[in-house]
Amino acid sequence: MAQDELQVWYQPKVQLATGRIIGAEALIRWQHPEMGMVSPAVFIPIAEESSLIVSLGEWAFRTACETVAEWKRQALFPGRIAVNISGRQLKFGGIAELVNRTLSDLGMPSDCLELEVTESVAMDDDSGMIDVLYRLQELGVYLSIDDFGTGYSSLSYLKRLPVRGLKIDRSFVLNLHEDRDDAAIARAIISIAGSLGLDLVAEGVELEEHREFLLRNGCIWAQGYLFSRPLPPAEFEARLRAQQAEDLKGAR
């Protein structure tokens, strides 16, 4: 952070049927001067084991909001920007105050922001996570559960949470076209979301067979390499401008 080696990249969230961008997820990237691009799978778990994840998460959140607020002013960015929030941020980071202050400073409507929390974090009521989630809901922020299906969730507990969306974990999507169990789990999660009135996004969509399966079974939003890898800000903005140009062309 001190050496300005971190970046926030953006992966489009799209309509499965059309590929149209309807939002994005903000993802941290580390460009090391000697090692090159360091995978988040390497450095995020280390940061989560220490208090560093709080300052790292705050920086990423603020950076993503600043970028998207500018895109919103230019009428480029549709929908919401999703930012991942760690358990330490929820417990120790004063996340509700950070969100309120950042949105106020940037003049950014709260309904433009989505906060993603993992299933295990959302279910940890012993540390007061649910109270924090309700405080965020009161600010008008959209809340979703990331990596759904990989934890130990109770459906009776899930309905108590102030969340509005679920994400099917990529581990169930990657082989659903050839693995009967993964296909069954994906169908079950789609059914759960529909029954509870929750929005649903599928992660890790890489093949046309994934897209066809998900559409056929009632999932309408997704993200994954079939549509786009995570992009640096300039490349993502170019995609937004291309989509805007297509919209204007179609309106003529």
Side-chain angles (χ1 to χ4, degrees), residues 9-27 64 68 71-72 75-84 111-119 142-150 153 158 163-232 235-251:
W9 287 22
Y10 302 87
Q11 184 171 35
K13 292 186 178 184
V14 303
Q15 282 183 333
L16 270 170
T18 64
R20 177 181 175 78
I21 297 172
I22 52 88
E25 180 179 0
L27 300 162
V68 169
W71 286 338
K72 285 285 187 182
L76 283 175
F77 188 87
R80 297 180 298 271
I81 180 64
V83 182
N84 294 284
D111 60 5
C112 295
L113 176 63
E114 175 178 349
L115 298 181
E116 295 184 1
V117 297
T118 63
E119 189 176 14
Y142 184 102
L143 299 171
S144 63
I145 294 183
D146 195 11
D147 302 338
F148 186 76
T150 61
S153 62
L158 177 62
V163 298
R164 295 170 60 188
L166 304 177
K167 294 183 79 173
I168 305 177
D169 186 70
R170 62 182 293 110
S171 63
F172 303 126
V173 173
L174 291 179
N175 297 309
L176 59 74
H177 60 297
E178 56 188 10
D179 186 299
R180 186 178 304 175
D181 291 338
D182 285 347
I185 291 170
R187 288 193 193 96
I189 294 173
I190 293 169
S191 177
I192 289 168
S195 298
L196 294 177
L198 300 173
D199 299 329
L200 186 68
V201 174
E203 292 185 287
V205 177
E206 298 186 357
L207 302 173
E208 181 62 27
E209 291 94 327
H210 298 161
R211 187 184 76 88
E212 292 174 357
F213 175 96
L214 291 164
L215 274 174
R216 190 167 61 247
N217 285 278
C219 181
I220 59 176
W221 294 302
Q223 63 189 89
Y225 278 35
L226 179 64
F227 307 102
S228 176
R229 62 183 177 84
L231 300 170
E235 290 185 36
F236 187 81
E237 182 174 330
R239 288 281 296 270
L240 292 175
R241 292 191 182 280
Q243 179 166 287
Q244 185 184 63
E246 283 294 318
D247 291 345
L248 292 173
K249 183 179 178 180

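Sequence positions, counted from 1, serve as the residue numbers for this chain.
Counting heavy atoms from C-beta on, the side chains of Asp146 and Val117 never come closer than 4.5 Å. Within the 4.5 Å cutoff, the side chain of Cys112 has heavy atoms near those of the Lys72 side chain. With contacts defined as side-chain heavy-atom distances shorter than 4.5 Å, the pair Leu113/Val83 qualifies. Between Leu176 and Phe172, every side-chain heavy-atom pair lies at or beyond the 4.5 Å cut-off. No side-chain heavy atom of Leu115 sits under 4.5 Å from any side-chain heavy atom of Asn84.
In this structure, CG on Leu196 lies 14.5 Å from CZ on Arg164, to the nearest 0.5 angstrom. Ile145 contributes atom CD1, which lies 13.5 Å from atom CD1 of Ile168 (distance to the nearest 0.5 angstrom). In this structure, OG1 on Thr18 lies 8.5 Å from CZ on Phe227, to the nearest 0.5 angstrom. In this structure, OG1 in Thr118 is found 12.5 Å from CZ in Phe148, a value given to the nearest 0.5 Å. To the nearest 0.5 angstrom, Leu240 atom CG is 6.0 Å from Leu76 atom CG.
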(message) Using salt bridge (charged side-chain N to carboxylate O under 4.0 Å, His left out), reason through Arg80 and Glu25 one step at a time and then give a plain yes or no.
(response) CA-CA 9 Å; Arg80 297 180 298 271; Glu25 180 179 0; over 6 Å; no
(request) Would you please test Leu231 and Arg239 for side chain to side chain contact (heavy atoms under 4.5 Å, CB included) and show each step? (result) CA-CA 9 Å; Leu231 300 170; Arg239 288 281 296 270; 3.9 Å; yes
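For Gln243, the side chain to side chain contact (heavy atoms under 4.5 Å, CB included) partners are Arg20, Ile21, Pro78, Asp247, not counting sequence neighbours. For Asp111, there are no side chain to side chain donor-acceptor pair (under 3.5 Å) partners, not counting sequence neighbours. For Ala193, the side chain to side chain contact (heavy atoms under 4.5 Å, CB included) test picks out Leu166, Leu198, Leu200, with sequence neighbours left out. The side chain to side chain contact (heavy atoms under 4.5 Å, CB included) check on Leu226 picks up Val205, Glu208, Arg211, with sequence neighbours excluded.
Residues Phe236 and Ala24 approach most closely at CZ-CB, 3.6 Å, considering heavy atoms. Of all heavy-atom pairs spanning Pro230 and Trp9, the tightest one is O-CE3, 3.4 Å. A pairwise comparison of heavy atoms in Ala202 and Val173 identifies CB-CG2, 4.3 Å as the closest pair.
Using a 4.0 Å cut-off between charged nitrogen and carboxylate oxygen, Arg170 and Glu206 count as a salt-bridge pair. Using a 4.0 Å cut-off between charged nitrogen and carboxylate oxygen, Glu237 and Arg241 count as a salt-bridge pair. Taking a cutoff of 4.0 Å between a charged side-chain nitrogen and a carboxylate oxygen, Glu116 and Lys13 qualify as a salt bridge.
With hydrogens and angles left out, the side-chain atoms of Gln223 and Gln11 include a donor and acceptor closer than 3.5 Å.
For His210 (side chain) and His177 (main-chain N/O), no donor-acceptor pair under 3.5 Å exists by modelled atom type.
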Quiz: residues 213-222 side-chain donor-acceptor pairs under 3.5 angstrom, not counting sequence neighbours:
{"from": "Asn217", "atom 1": "OD1", "to": "Arg187", "atom 2": "NE", "distance (Å)": "3.3"}
{"from": "Asn217", "atom 1": "ND2", "to": "Phe213", "atom 2": "O", "distance (Å)": "2.8"}

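Taking the six-membered ring where tryptophan is involved, the planes of Tyr10 and Trp71 are perpendicular, since the angle between them exceeds 60° and thus also 30°.
Sorted by first then second residue, the side chain to side chain donor-acceptor pair (under 3.5 Å) pairs that include residues 188-205, not counting sequence neighbours, are Tyr142-Asp199, Lys167-Glu203.
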